[in-house]
Amino acid sequence: MEENNNNTVHASDSVDKSRIVEAKPLRSLAPVLPNHIQSCFPANYPSGFPPFCSFEKPREIPIPKGVEEIAVDAKTAEEIPGSAKEKTRETPVAANVTPIRFYKSSVDEEVNPRGGGDVNLFSKGLNCDEFVDDRVKRGAQNIQNCKEFLKRKKNKKTREAGVDGQSSSVGVNPSLNDDGNHESVNHVLMTFDSVRRRLCQLEDSKELNSSLSIKRADLRASNSLTLKGVKTNLRRRAGAVPGIEVGDIFFFRMEMCLVGLHGQSMGGIDYMSIKDGSKEDTVALSVVSSGVYGDDTEDNDVLVYSGQGENFNKKDKHVTDQKLQRGNLALDRSAQRHDEVRVIRGLRDATNRSAKIYMYDGLYKIQDSWIERGKSGGGIFKYKLVRLPGQKSAFAAWKLIQKWKSGSASRNGFILADLSNGVESIPVSLVNDVDDERGPAFFTYFMSLTKPKPFGLVQPSLGCNCKASCLPGDLNCSCIQRNEGDFPYTANSILVSRKPLIHECGTMCRCLPNCKNRVSQTGLKQHVEVFKTRDRGWGLRTLDPIRAGSFICEYAGEVIDRAKVCQNDEGDNDEYIFDTSRIYQPFKWNHDHGLLGDGSSNVSSEDYTIPSPLIISAKNVGNVGRFMNHSCSPNVFWQPVLYAENNQSFLHIAFFALKHIPPMAELTYDYGFVLAGHAEGSSAHRRKMKCLCESPKCRGFFG
DNA sequence: GAGTGCTCAGTTCC
DNA sequence: CGGAACTGAGCACT
């Protein structure tokens, strides 16, 4: 493999290295494209890495002309909600002076005392197993009691919890209860999904041990959060909802309830009555279009929405017309008042057909309404909602992406269909619609680590004896034992909790390669693409909606030792280093104490345990992970994963979605940074990069 | 303020 | 795989 260094640009050459360099672009190495490209390795290269891999010759790639142009905002600068410590007030956007804390251990325990006294029925201080056993013993009656208890308490608690200062450790800052912001919305959503994942984990593991099941983890999680006041935007309102952006995605109706986007848990039309002077009036707030009921969704900016009400009277078996009441009346009134109505578009997830995804598509106004005859002959109200101009493209962009993927629409700046050259099972497209650079510098695409060093802490596992696939709750499985009895992933391969270390099954295990405990070894599962950012070189973004906890990819590359990093620092600065020993901003991803009351150990620590630092260079060898840019408010985090190959255990770095990530959002993680004076080699030569993430929490630099 | 009716969920079962 | 059955949470309204 030949590396042509003459063509690479060294940003450091003419710059004083002791200063923070304005690294622009971050990855601006000129493309070194061989004359010939041939993909000459199988998709599953057995060992080592493919001898050769590159891009197609750029000239040969046709650039579609006159392609439909679409402004897709790939900006993702979002905040970390999980930095559990509640800020008493918003810090003004003084980005570059944010103080940094220099510790890795969690500070949440100290600054964030648990709210006492506010314990729900599920919380009895039992550990996980006891909790389950206890529930089994008491059986259905206990469940019933719980339900009734919840029902009685709910209305009161919802309001009180936020005002009660003691519950602020898990709840939402009281002032944000009625009117939220970006941070409170994020906090609620992340907490919800974390609790939900944990409930799914309990449910999965119980299948073997008992007959009692946790049905509808979404409802249970919602219940739990409501009791603790973890809600925001409780004040019902028409128009935009603070902290929620056009294009945001949701995976459960309850998520939209909890953040005030759509108040109905099932109903399609959310509305409220208002006082207009002395008159009482009713107005529509939001509608959810699930694609059923024959809603017309042909035009992306128009939604023809059907009113509510059955066309068939079950009692006397009559065909009936819909009536101008409830939601229908509200839509009618909103039309006359020219009020804005929020529209949420629902679609079945293409990759996971059982799941439904909801996307907030912004504000619409009702332009027309009429009555149609339904199939049964009953009258159905129809409302024509038209999208207000000037909003970010959301649903339209999503639909366009489907066309890109199916090949029925061409696109601007398209360079290459699959940068991985068949290594990944899902093609990784390469696009540049900002300038004429034709691709990143040459590298070899490989999905995992080369030259890995055996992991010292754990002696090589003999592997588990499970047949076919390891099953959650099977405590005889040695891999599950290593994970402290918890199966790390849910049935649909979502990571449940961040952990010091995750043990996956490896080649020594008897289970098959499709075992659920090998999530990080299976390559890309999402459609992602490498694209040119405006000011940060090449980046990685997703075409698919991604659920929080989804596996993104491994950080692939060559395992190197520290001496080599120094060498690189002196010479060609290696921008593709991943180093576990850097300082990373602590954050909390697992659910808060007290929300479940299961006393489970998974909330105790998110501090990674890595005995000796793992340093990976993806400069010459790597996968899509090397293209992920840094952000101080990332949407992806890394997690150490351990599994065995050929009698030895190796540590890998796996990336998971920190929160739900909408289509076209850039994927970013925290690069961490090296302490001044602690840098490898001479600190004078250690260059920090100026951060361009534009997040309000930006600390100004990284690396 | 407790109870009822209604609803573009989400699962499981057949 | 697709529909039916089933259990639902939250809201307006009574």
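Reminder, nothing fancy here: chain letters follow the sequence lines and each chain counts from 1.
Across all strands shown, A:Gly291 has heavy atoms under 4.0 Å from base atoms, whether or not it also approaches the sugar-phosphate. As judged by a 4.0 angstrom heavy-atom cut-off over every strand, A:Arg345 is placed among residues making no nucleic acid contact.
Along DNA chain B, the nucleotide closest to A:Phe251 and the one closest to A:Gln264 are compared, and the more 5′ of them pairs with A:Gln264. Comparing A:Arg236 and A:Met254 along DNA chain C, the residue whose closest nucleotide (by nearest heavy atom) sits nearer the 5' end is A:Met254.
A:Ser306 has no side-chain polar atom (N or O) that falls below the 4.0 Å cut-off from OP1 or OP2 of B:dC8. Between A:Ser222 and C:dG10, a side-chain N or O to OP1/OP2 separation shorter than 4.0 Å is present. A sub-4.0 Å separation between OP1 or OP2 of B:dC8 and a side-chain N or O of A:Tyr358 is absent.
Looking at the side chain of A:Glu310, the nearest of the listed nucleotides C:dG8, B:dT7, C:dG10 is B:dT7. The side chain of A:Thr226 lies closest to C:dG10, out of C:dG10, B:dA9, C:dA12.
Side-chain N/O atoms of A:Lys384 and A:Ser369 include no donor and acceptor closer than 3.5 Å.
Remark: A:Lys659 does not engage A:Asp193 in a salt bridge, criterion side-chain N to carboxylate O under 4.0 Å. Taking 4.0 Å as the cut-off between side-chain N and carboxylate O, A:Asp218 and A:Arg196 do not count as a salt-bridged pair. Of the charged side-chain nitrogens involved, none lies within less than 4.0 Å of a carboxylate oxygen, so that A:Asp281 and A:Lys275 do not count as a salt-bridged pair. A salt bridge links A:Arg387 to A:Asp361: one of the charged nitrogens lies within less than 4.0 Å of a carboxylate oxygen. Contact check on A:Asp321 versus A:Arg373 returns a salt bridge, with a Lys/Arg side-chain nitrogen under 4.0 Å from an Asp/Glu carboxylate oxygen.
Taking atom CZ of A:Arg253 as the reference point, atom P of B:dT7 lies 13 Å away to the nearest angstrom. Straight-line distance from the CZ atom of A:Arg326 to the P atom of C:dA12: 11 Å, rounded to whole Å. Taking atom CD1 on A:Ile269 and atom P on C:dC13, their separation rounds to 13 Å, with Å as the unit. Rounding to whole angstrom units, CG of residue A:Asn492 and C1' of B:dG10 are separated by 14 Å.
Within a 6.0 Å sphere centred on NZ of A:Lys405, heavy atoms belonging to other residues, nucleotides or ligands number more than 12.
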Grab the N/O contacts between the protein and nucleotides 11-14 of chain B below 3.5 Å, and write none if there aren't any.
none

Let me check I have this right: for DNA chain B, each base becomes ., (, ), [, ] or |, based on Watson-Crick or G-U pairs with both distances under 3.5 Å. What is the full string? .||||||.||||||

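The ring of A:Phe656 has its center closer than 6.0 angstrom to the ring center of A:Phe551. A ring-centre distance under 6.0 Å is not found for A:His660 and A:Phe250.
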